Structure formats: C-alpha cells, structure tokens
Peer 1: 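Got a structure here, written out as structure tokens. Questions coming.
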Amino acid sequence: MTVRVRFAPSPTGHLHIGGVRTALFNFLYARHTGGKFILRLEDTDADRNVPGAEQAFVDAFHWLGLTWDEGFDIGGPYGPYRCSERVAIYRSHADQLLAAGRAYACFCPQSDAKETPSEEEGGEGPAGAMGCSGGCASLAADEALRRIRAGEPHAIRFRAPSGPPIVVRDIIRGEIAFERDDLRDFVIIKRDGMPTYNFQVAIDDHLMAITHVIRGEEHLSNTPRQLLVYEAFGWQPPQFAHLPIVLDESRKKLSKRDPNVLPVSAYRERGYVPQAIVNFLALLGWSPGGEEEIFSLEALCERFDLDRVGRAGAVFDLAKFQWMANQYFKALAPHEAVRLIREQAGVLGYRLPPYADDSWLERAVSLVQDGLTCARDFFSAASVWLEPEVAYDEEARALLETEGAHRVIEAYLSACEQDPVWDEAANRARTQAVGRALGVKGKDLFMPIRAALTGQLHGPDLQKSMALLPREIAMERMRRALALSEARDHQGR
RNA sequence: GGCCCCAUGGUCAAGUGGUUAAGACACCACCCUUUCACGGUGGUAACGGGGGUUCGAAUCCCCCUGGGGUCACCA
C-alpha cells in the first residue's frame, strides 16, 4: 500500500512556522516512502476564512521547495480538496448516522458555555459545555423529524456509545487509551449545516485514502472522537503520528503572533534562503542521528523517517535559526546573493547608488556575506558604502580628534589629490607611502583612515572597503574628518 | 479543575542496561586578523526528585514534582 499523507491547513491567516514544520514532515515522509503528499484546505468555518490565505499557502510552499501530488490548487483523483466543496458528502454521511441512530438532532440553543470551568468557583468540573443537556438524545425519532421538518434550527450530535476505552495507536507515542465516558456526545454538523472538524477530518481522511495522519500533538486529545467516527462507519482508521509541539521561548505553544517567529512570507520578504528554514525546521523534533546538521531537501527526503521523531516539545531557538540562515546565506554564489539583494532593494523601496552595478554589488557582498543571515541584512552591513553620509560613532570621533590621526588623514588626502588613480592596489600603495613619510605604521596608520572613511573602528578589509567608495566621496569624507578635529581644536583653545 | 502528552546542559539533541553521557547553537578564553566578522583550538554547562527491578540504571516499573496540550455548533 502506498503511503498517502496530507497537510490540511485552514485558511484563517498566514502560514506560520509550526504549520510549515508539520507540512514539511508530511512532505518528507511522503518523499521518503515514495508516497503521495496531499494539500487539503479545511475551510469549513466561513466566518474565519481569510481571503488570499490559500494562495499564500501555495506561494509559501513553492518558495520552500515543497511539492505536492494532489491538492486544492491542482486537483487530483480524490477531489474536491476544498472542504467547503464537500459539504454534501458530510451531510450524507451524517444522514447515514442519523438513520442508524448513531447520531441525533439537537435543538438546544447554541451553548454559550464555551468558557473553561470557572477557576474562581473551585471548579465544578466541565459544566454542561459538552454533550446535550436538553434531552435531545432521547427524543423520539418521529418527534425529532417533525421538528426538523418544521424548520427548527438544530445541530447534529454524534451519539458516543459506552464501551471499552478507545485506544489511539500512535507511531511516535505508542498506545494511548481514552475513557469513552470522557467523550460525551459531540456535534458533527453545526446548525449552519457545516461539519465540525472532528467529523470532517475523519471522513476526508478516509475518503482520500490517507494512510498516515501526521500532525501536531495538540490534535492528540481529539483523536478518540475521530476514531469514534471511523468506528461508526466501520472504517479502518489510518495510522497516527502526533508530532511534538513547537514552543516559544517561554515553552508555550508557538503563537501565530509571536514577535520572534515570523510568518513564512516575512522570511521570504526579507530575503532569507528558503532551504535554511527547511533545514532548521527539519531538525526541530527530528534528528538524523549523526553529527551533520546541514542537509539539502533531497538529503532530508532520503533520511527522514518517523522513527527518529522525538516526543518532547521543541523550542524554536532564534539564535540557532539565525546561525542556520547565515550558513545558507554565506554559501550563496555571489550572483545569487546580488539577485536577492536587488530584489530586497525593491521590497524596501531602496534606491541603490548609481555606482552600484552588479560587479560592484558582488564585491560589496563578498566583503560582508559571511555575516549576513538574509538579504535585508546587507543594507545595514553595507551602509557605509551605500549611504552618502557617514555617521561617526563615538570611538571613531575620539580617534579622529587626536593629532596623530589628523596628520595621517591630511597626508593621505593630499596624496589623493595628486594621484587620480583609485583602486585597491593604488590605495594600498598610497597608504604605505603615507606611513613611510610620517613614520607611522600599524594601527596608528590604518585606523585613522578607516575612521575617516567609515565612521567606525571596525569593518571588513580596509583597502577593499575603501575601493568600494567612489574617490570623490572618500575624499569628501576625509575633509569632513579633518574638519571634525579642527573644530575641536578651536573649541579647546 | 478533568483527560492526555512530555521530562538529558540555557536551547536543539545523540544515547535505547555497563559510555570519560556525543554533536550543534549560545556563552567564555585563546589563536588567526593592523580592526570587526568568518575561521580554528579549548573551556563552562545536563540525565528534575524519591522509591523499586537488576551484579549494574539517563536507559525498565511506580509515585511525586515540573512543563505542555486539550476540554467549542474553531480547525
């Protein structure tokens, strides 16, 4: 039997990192086993559907390099793959259950008791929030039918039979037993005619011949209800694999609004390398066992298996993520990095200076690429070459105010004025000549120049850095640096 | 609160009865570098607690503690 797995998001917002992780594990498992990966859209809550969300999923997965074999966008033999287009299917299944007496119409007013048992009252236990408290379960069939015909609003509840515990067989966690008494009668069709998740998911997974349900651990406690649905129809349930939850720094389930963890689209917008996200997420809850950590998508497909997925929740560690992002960004070929940077300039609406042609950009990136995590980082890392104005930081200012620095810059500037050649080699030679003439070397020679030109005491290789700056701008900065120290001199007297 | 899951350094994690308890991120130190970053070397740091089982427990069992998830006519 070939493996069939699915990722079934609801289009209620952007795709977040936890969802990507779940999708990725499904994808990897399908590819590893030679099975099918299916994308289904669980859009049965019309009120919460966000327009554009489904396209955003598709775009995000394409960007990440995930591919699927059947889905709401491409169709397939088990369609439709949009739950809102399958309501007739859920209805007819509910009718079967109704006819068999395994479900009943519930006319109770919609329970507003969705709140958890009030903590203040010492907790009376879960109030009547679950199950039907109005006696609908024991209504005579013809009476129920009459009220339905009369147009009375109603939901359909599953009649949870008593019996032995329900056992979830989970590939990752083993067997987990749930008492049926804890389940009660749950709604399968809402009064608006839409199915609830626990009903819909079981029917779709069965009808779509899903063999393995791989999803987040938060779904574990719902699984027995779904198993009840399988049981009622006499279906063979799929295998389950509940993934450890992705946690934030305070060990809570990752929220969609976590300030540190961006929606996937945001990573794309900032010019991250998608493979970095895939690689990082693959290692969250799964371990390849060896000591390597950098894996291509292909390598992940080959190695991934459910038997090495962990059970404990995994914290999304931002620092490690950035490290991973950097691993990929600095491995980019120069022209690739430049492409991302140009794209990023577009996103930011940033106007690159006229001298920033491709070859200039390649030289510029190569000087800072080792430290970048995404294309957006380039604009701060390279600001000294990009921005017309220098901002002298405190250290630089202090240095420039010394007499030694003043002399070096003065000499360097006049050497520039006499020689129009401006490239790395010429600058290097000029620096050395100035050093000889002044009897200055080492830090005392290089630092003033660096400070004058970049406003900082640290940065990439000075000569390369300098060569990136047009001669006129460089000379202007030296003049400004001299003015800085002169101004101080006057003040001082 | 009920039910359920989980528990190795700050974080990700290897480990499946006998190990000096890997590795990575982060952190610290040193080296490289005229600076910074990268890189290299080294270091600090863990089996939550208590009972068992066993010749021997991070590994198996029980209890406790702690953390998390879930309790909707959301998915």
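Predicted model only: the values in this text are computed from it and were never measured.
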Peer 1: Using atom C1' of each nucleotide, how far apart are B:G9 and B:G51 to the nearest Å?
Peer 2: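 After rounding to an integer number of Å, I get 26 Å for this pair.
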Peer 1: Could you measure between the two P atoms, the one in B:G67 and the one in B:U59, and give it in whole Å?
Peer 2: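 22 Å, rounded to whole Å.
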Peer 1: Write down the distance separating the P atoms in B:C32 and B:A37, rounded off to the nearest Å.
Peer 2: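 Per the computed distance, 15 Å lies between those P atoms.
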Peer 1: Starting at the 5' end of RNA chain B, which residue's closest nucleotide do you reach first, A:Ala177 or A:Ala314?
Peer 2: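 Comparing both residues, the 5'-ward one is A:Ala177.
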Peer 1: Using the benzene-type ring in the case of Trp, are the ring centres of A:Phe321 and A:Tyr267 under 6.0 Å apart?
Peer 2: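 Yes; A:Tyr267 has its ring centre under 6.0 Å from that of A:Phe321.
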Peer 1: Taking A:Glu293 first and then A:Lys320, would you say they form a salt bridge - that is, a charged N and a carboxylate O separated by under 4.0 Å?
Peer 2: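 Yes, A:Glu293 and A:Lys320 are salt-bridged.
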Peer 1: Figure out the CZ/P separation between A:Phe186 and B:A75, and round it to whole Å.
Peer 2: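 One finds 13 Å between P of B:A75 and CZ of A:Phe186, rounded.
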Peer 1: Do the side-chain N and O atoms of A:Tyr90 and A:Asp204 include a donor-acceptor pair separated by under 3.5 angstrom?
Peer 2: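 Result is yes, a qualifying pair exists.
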Peer 1: Determine the Euclidean distance between corresponding P atoms of B:C64 and B:A46; express it in Å to zero decimal places.
Peer 2: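 Going atom to atom, P in each nucleotide, I get 28 Å.
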Peer 1: Of the options B:C73, B:A14, B:A75, whose atoms approach the side-chain atoms of A:Val187 most closely?
Peer 2: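 Looking only at heavy atoms from C-beta outward on A:Val187, the closest nucleotide is B:C73.
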Peer 1: If the sugar-phosphate is the primed atoms plus P, OP1 and OP2 and the base is the rest, what is the B/S/- string for nucleotides 22-43 of chain B, using protein heavy atoms under 4.0 Å?
Peer 2: SSBS--------BBBSSS----
Peer 1: Taking the side chain of A:Ala312 as heavy atoms from C-beta outward, which of B:A75, B:U70, B:A7 is closest to it?
Peer 2: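 Minimum distance to the A:Ala312 side chain belongs to B:A7.
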Peer 1: Can you tell me which nucleotide in B:C6, B:A14, B:C3 comes closest to the side chain of A:Asp182?
Peer 2: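 Minimum distance to the A:Asp182 side chain belongs to B:C3.
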Peer 1: Go through B:A14, B:A7, B:A75 for me and flag the one nearest to the A:Asp45 side chain.
Peer 2: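 In terms of side-chain proximity for A:Asp45, the closest of B:A14, B:A7, B:A75 is B:A75.
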Peer 1: Using a strict 4.0 Å threshold on nitrogen-to-oxygen distance, state whether A:Glu231 and A:Arg180 make a salt bridge.
Peer 2: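 Between A:Arg180 and A:Glu231 there is a salt bridge, with a charged N closer than 4.0 Å to a carboxylate O.
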Peer 1: Closer than 4.0 Å, any side-chain N/O of A:Arg184 to the OP1 or OP2 of B:A72?
Peer 2: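 A:Arg184 to B:A72 OP1/OP2: no side-chain N or O under 4.0 Å.
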Peer 1: Please list, in numerical order, the residues of residues 242-255 of chain A that have a heavy atom closer than 4.0 Å to any atom of RNA chain B.
Peer 2: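 Those residues are A:Ile245, A:Arg251, A:Lys252, A:Lys253.
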